[in-house]
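Data first, discussion second: the structure below is written as structure tokens.
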2 protein chains.
Amino acid sequence: MAKRQNPFPRSGHDHDRCVSTALAAAEEVCERSGERLTPLRRRVLELVWGSHKPIGAYAMLDQLKGDGKSAAPPTVYRALEFLLGCGLIHRIESLNAYVGCSHPGENHVTQFLICKACGTTAELDDRRLGDAIGRSAAEHGFNIVSRVIELSGTCSRCRASQPREGQSDKGVAV
Amino acid sequence: MAKRQNPFPRSGHDHDRCVSTALAAAEEVCERSGERLTPLRRRVLELVWGSHKPIGAYAMLDQLKGDGKSAAPPTVYRALEFLLGCGLIHRIESLNAYVGCSHPGENHVTQFLICKACGTTAELDDRRLGDAIGRSAAEHGFNIVSRVIELSGTCSRCRASQPREGQSDKGVAV
DNA sequence: CTCATGGACGTTATACTATAACGTTTGAGG
DNA sequence: CCTCAAACGTTATAGTATAACGTCCATGAG
Ligand SMILES: [Zn+2]
Ligand SMILES: [Zn+2]
Ligand SMILES: [Zn+2]
Ligand SMILES: [Zn+2]
């Protein structure tokens, strides 16, 4: 039962580095698979990586419009579909929002920890947990094809700073 | 590791009994908590229990309209909110749909198995699994408030009848 | 080089899901 | 009876996602 490293980003971390790492990984993933990471797709991936809070499609759309280019819902949804297909982003079902994948290119089953206070969402890839879930389903004769595991609550940082009740910039970037 | 009973309903089961059991349990839950299970709320609960497939709010709305009564979205959404609050139904986030709770009145953490072939959704209440998830989150300093665990795939019945690929009446009742 | 092909994207319209806001009814308790 | 709050009716609107069709352009076969 090895102690895992905290999947939440630290408060003062160099987020530009998160973004550039994600973009570089995306280039490589697409390179390998022969897919085209067009400027638009790359831009949408940047927007998803704008923070560690899941972001809604229409919020991205507003930012795209701000770029001076024209943009309509299909613009962003098509890019999102592509990025989801490449495993470069994940969709958070309980928020109707999207977040960058922390382990692009790696085969992984994912669980999300979503802080209701600060909105930050961390991606776990707890194999033991994934196995336990698979085993439980298999015991009932069920063959899992896809999983949605989204745990909402409060991260350690928010609990430390607000021992009782939380508010502030909560939730999805709008 | 006791063998659990299959949470999926059998194909020829007496579903009227599912419905009447659910309604009786609802009466009791509301009785106990002093809430009012009005005719409308009761009707919506019946509609949710129309099958073991999650059903969308607007599908219920159509059925309500068919009753001869007038009905608008808030009609059904208010009833759903009430039933969710009472723990009589669950929302399936990945389908934007609702399904009856198999264990109303009991304190439980829930996992859903959603058959992509037949649409039937089963509710697990695997305490071991729930504990494992709680432990994993706790290891990362995360305090879980609510959980969304939705596993999509194929149930044993559908796998038996369609060894390769599935279609038919798949998915949410529309 | 030319043209057929298919992918990416622009554009418009529409479907689907959910809530805000306000007025009316209803029923329990005083 | 009267009052009050909950439940409900009604209209409008917000928020999320996709259908359908046309254009552009890179690629590669001929
Ligand atoms: Zn970062
Ligand atoms: Zn937090
Ligand atoms: Zn049944
Ligand atoms: Zn099935």
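So you know, we letter chains A, B, ... as the sequences are listed, proteins then strands, and number each from 1.
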Original post:
Taking the side chain of A57(B) as heavy atoms from C-beta outward, which of dT10(D), dA18(C), dA19(D) is closest to it?
Top reply: dA18(C)
Within the sub-3.5 Å range, which N or O atoms of nucleotides 5-8 of chain D have a protein N or O partner, and how far apart are they?
unit_1	atom_1	unit_2	atom_2	d
dA7(D)	OP1	R41(B)	NH1	3.1
dA7(D)	OP1	R41(B)	NH2	3.2
dA7(D)	O5'	R41(B)	NH2	3.3
dC8(D)	OP1	T38(B)	OG1	2.5

Original post:
Which atom names give the shortest non-hydrogen contact between N96(A) and R91(A), and what distance separates them?
Top reply: OD1-NH2, 2.9 Å
**OP:** Step through the shown structure and confirm whether more than 12 heavy atoms of other residues, nucleotides or ligands are within 6.0 Å of CD on E27(A).
**Re:** yes
**OP:** Quick one: closest heavy-atom pair of C86(B) and V29(B), and the distance?
**Re:** O-CG1, 4.0 Å
Original post:
What do you reckon, are the aromatic ring centroids of H90(A) and F112(A) less than 6.0 Å apart?
Top reply: yes
Subject >> 5' priority, DNA chain D, between K69(B) and P73(A) [closest heavy atom] >> reply: K69(B)
Original post:
Quantified as the angle between the terminal helix axes (five pairs each), what is the overall bend of the helix from dC1(C)-dG30(D) to dG30(C)-dC1(D) to 10 degrees?
Top reply: 20°
Subject >> Between dA14(D) (P) and Y58(A) (OH): distance, integer Å >> reply: 13 Å
Original post:
Between atom CG in L64(A) and atom P in dT11(C), what is the gap in whole Å?
Top reply: 13 Å
Subject >> Residue list, ring-ring contact (aromatic ring centres under 6.0 Å, His included) with Y77(B), at least two apart or on another chain >> reply: none
**OP:** State, to 0.1 Å, how close A97(A) and G56(A) come at their nearest heavy-atom pair, and which atoms those are.
**Re:** CB-N, 4.0 Å
**OP:** Return the value, rounded to whole Å, for the distance between atom OH of Y77(B) and atom P of dG9(D).
**Re:** 16 Å
**OP:** Specify the separation, in whole Å, of atom CZ of R43(A) and atom C1' of dC9(C).
**Re:** 17 Å
Subject >> Short N-O contact, E81(B) and R78(B), less than 4.0 angstrom >> reply: no
Original post:
If you check every side-chain atom of P74(A), which of dA17(D), dT11(C), dT10(D) has the closest atom?
Top reply: dT11(C)
Original post:
For atom CG of D14(B), is the number of surrounding heavy atoms from other residues, nucleotides or ligands below 6.0 Å larger than 12?
Top reply: yes
Subject >> Nearest-Å distance for atom pair CD1/P, residues I55(A) and dG15(D) >> reply: 15 Å
Original post:
Given atom CG of N96(B) and atom P of dT18(D), what is their separation to the nearest angstrom?
Top reply: 10 Å
Subject >> Distance (rounded to the nearest 0.5 Å) between Q111(A) CD and L151(A) CG >> reply: 7.5 Å
Subject >> Atom-to-atom span, CD of E93(B) to C1' of dT16(D) - whole angstrom >> reply: 14 Å
Original post:
Between L95(A) (CG) and dT17(C) (C1'), how many Å, whole number?
Top reply: 16 Å
